Amino acid sequence: MALTGKNIVIAVCGSIAAYKIAVLIRLLVKAGAHIKVIMSEEATAFITPLTLSTLSKNPVLVDYYQENTGEWNNHVEIALNADYILIAPATANTIAKMAAGLCDNLLMAVYLSAKCPVFFAPAMDLDMWKHPSTQSNVDRLRSYGNMMIPPEKGELASGLIGEGRLAEPDEIMDFLAHYSDAELPLYGKKALVSAGPTHEAIDPVRFIGNHSSGKMGYAIAKQLKELGADVTLVSGPSALQPPAQVELVRVTSAAEMLQACEEYFDRSSIIVMSAAVADYTPAEVATQKIKKKEAEFSISLKKTTDILATLGAKKRADQLLIGFALETNNELENAKDKLIRKNLDFIVLNSMQDKGAGFATDTNKVTIINREGNINEFTLKSKDDVAKDICSIIVQQHSSH
Ligand code: CTP
């Protein structure tokens, strides 16, 4: 979730809608955000600082001075530490003060000191909302770059029905989450990742396979998702749970993996092929279980299609294609050769000579080589951290692509 770890200052003004902020804080804390609440003096008449400090797990600030401790609340520090400032409910009075740049309380001083994105969610009676002065103040606030979370139509505290109700807590939360997603470096990009082994059937009960667990590919899919991409993970047989909000396409054989990857290739701008695809598959699959007879037995194998090379041959200029190489000798030469032969943007080399690298481990040690021949050697790390290194190169290359 994009709001995890975000420092959000919520500035609460004097409106009956202030009660909704308790629910909003609960939702944001659950989503992993760090909440600091400041309130105008008037807001404390509608909901207590104790309620909001308990929910936000932080002291609530109302004035420049903490009477009990004699401490000064540094408005500049509060504003500069915030990733987002949300003024909710934003009353007609506070909106007017924000538009005019007045600074008569801590809340306004924090607002005026802010360098981060500022959101405001108006709440007032319908005629106050419609009034030309309120509307022109709102226009001014938006022209300063502040973002409005629009009020809703419905029954108001006065009993009248119209526009002016504070947006519901889940809508305010969605608004912030959407904004936060859009700030991610790969937001809106489509990514395709292959992972795991393939199983090539010999007969109805046997197959040729390998020891790949899928861990590296699954970690890359998770990381790309966290960077905002829309991820499809084409996975061979693996015991792993797919990362949250990643589309999982399960396949068994190399032929099925090829078909699935080709299907998603055109729409993808980031393609990472980390699957350990079988290079050979039985030339014929027996329809019945093969019975043991002779002392020796052999199976005729034929080459599978190289998925990575097939995609490389039709790669467009707007697509980034990343492959893996697992080598036991002449590692750099072999990897460079694969990079060129398969038309990749960069290749991730695993050497079987490195302890803790390769299949079925939780760690990996990789070297990344790009088309310009730059070689980036990484230390032994968890596969999650290796995925972060790979994805940070993807972000760099994608922005310069
Ligand atoms: N790969 C693929 N399709 C195949 C075989 C491999 O897409 N049929 C991809 C893997 O996902 C990986 C890369 O190719 O990204 C390298 O795989 P590897 O087996 O190391 O290389 P090969 O090209 O098969 O070469 P060799 O067997 O000679 O090492």
Side-chain angles (χ1 to χ4, degrees), residues 1-6 30-33 177-178 180-198 211-251 257 260-261 263-265 267-277 307-308 311 319-324 326 345-350 356-366 368 376 378-399:
M1 159 62 92
L3 291 172
T4 308
K6 285 267 187 272
K30 259 191 159 170
H178 192 266
S180 175
D181 276 341
E183 284 186 319
L184 293 169
L186 298 180
Y187 177 72
K189 305 288 172 209
K190 299 217 181 321
L192 167 65
V193 180
S194 76
T198 62
H211 290 298
S212 167
S213 60
K215 280 181 188 155
M216 196 61 249
Y218 277 57
I220 291 170
K222 177 170 177 249
Q223 188 56 27
L224 289 172
K225 177 72 222 170
E226 279 173 16
L227 291 167
D230 194 352
V231 185
T232 303
L233 174 62
V234 174
S235 174
S238 165
L240 299 174
Q241 286 298 316
Q245 296 173 306
V246 161
E247 183 191 8
L248 178 69
V249 179
R250 284 189 196 278
V251 296
M257 188 171 275
C261 288
E263 190 183 324
Y264 288 92
F265 177 75
R267 54 163 239 174
S268 305
S269 61
I270 299 161
I271 303 115
V272 186
M273 293 289 107
S274 58
V277 188
I307 303 169
L308 187 57
L311 302 183
Q319 291 176 307
L320 262 190
L321 181 62
I322 296 108
F324 276 69
L326 179 64
D345 291 279
F346 64 86
I347 191 155
V348 183
L349 165 67
N350 293 295
F359 283 173
T361 60
D362 286 328
T363 53
N364 205 357
K365 185 174 179 321
V366 301
I368 297 181
N376 210 338
F378 294 87
T379 53
L380 183 73
K381 297 180 178 193
S382 71
K383 283 188 174 166
D384 280 338
D385 285 341
V386 174
K388 283 185 187 152
D389 290 337
I390 294 170
C391 291
S392 81
I393 297 182
I394 291 176
V395 169
Q396 275 169 27
Q397 295 222 356
H398 202 275
S399 55

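What you see is a predicted model, and the numbers here were worked out from it, not measured in a lab.
Atom NZ of Lys6 has more than 12 neighbouring heavy atoms from other residues, nucleotides or ligands inside a 6.0 Å radius. Within 6.0 Å of NZ on Lys225 lie more than 12 heavy atoms contributed by other residues, nucleotides or ligands.
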Test side chain to side chain contact (heavy atoms under 4.5 Å, CB included) applied to Arg267 and Thr232, step by step:
CA-CA 11 Å; Arg267 54 163 239 174; Thr232 303; 3.0 Å; yes
Intermediate values then yes/no, side chain to side chain contact (heavy atoms under 4.5 Å, CB included), Val251 and Thr198:
CA-CA 8 Å; Val251 296; Thr198 62; 5.7 Å; no
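Within the 4.5 Å cutoff, the side chain of Phe378 has no heavy atoms near those of the Asp385 side chain. Tyr264 is listed as a side-chain neighbour of Glu247, based on a closest heavy-atom distance under 4.5 Å. In this structure the side chain of Ile271 never reaches within 4.5 angstrom of the side chain of Ile322, judged on heavy atoms. By the 4.5 Å heavy-atom criterion applied to side chains, Leu224 and Ile394 are counted as neighbours. Contact check for Lys381 versus Val366: no side-chain heavy atoms found under the 4.5 Å cut-off. Contact of the Met273 side chain with the Ile307 side chain is registered, since non-hydrogen atoms from C-beta on lie closer than 4.5 Å. Contact of the Leu184 side chain with the Leu227 side chain is not registered, since no non-hydrogen atoms from C-beta on lie closer than 4.5 Å.
A donor-acceptor pair shorter than 3.5 Å cannot be found between the side chains of Ser269 and Gln319. Between the side chains of Gln241 and Tyr218, not a single donor N or O lies within less than 3.5 Å of an accepting N or O.
No donor-acceptor pair under 3.5 Å is formed between the side chain of Ser194 and the backbone N or O of Ser235. Looking only at distances, a side-chain donor or acceptor of Ser238 sits under 3.5 Å from a matching main-chain atom of Ser213.
The heavy-atom pair separating Leu311 from Leu321 by the smallest distance is C-CD2, 4.1 Å. Residues Ala275 and Met257 come closest through the heavy atom pair CB-SD, 3.6 Å. Nearest heavy-atom pair, Leu248 versus Pro242, reported as atom, atom and distance to 0.1 Å: CD2-CG, 3.8 Å. Residues Val193 and Ala221 approach most closely at CG2-CA, 4.2 Å, considering heavy atoms. Nearest approach of Leu240 to Gly214, heavy atoms of both residues: CD1-C, 3.6 Å. Heavy atoms only, all atoms of each residue included: Leu308 and Gly323 are closest at CD2-CA, 3.6 Å.
The structure places CG of Asp345 at 4.5 Å from CG of Leu320, a figure rounded to the nearest 0.5 Å. One finds the NZ atom of Lys215 at 10.5 Å from the CG atom of Asp384 (value rounded to the nearest 0.5 Å). Atoms OH and NE2, from Tyr187 and His178 in turn, are 3.5 Å apart once rounded to the nearest 0.5 Å. Put simply, CZ on Phe324 and CG on Asn350 are 6.5 Å apart, with the number rounded to the nearest 0.5 Å. From Leu192, atom CG reaches atom CG of Asp230 across 11.5 Å, with rounding to the nearest 0.5 Å. For the atom pair CG of Leu233 and NZ of Lys222, the computed distance is 13.0 Å after rounding to the nearest 0.5 Å.
Under the 4.0 Å criterion applied to side-chain N and carboxylate O atoms, Lys383 and Asp362 are not assigned as salt-bridge partners.
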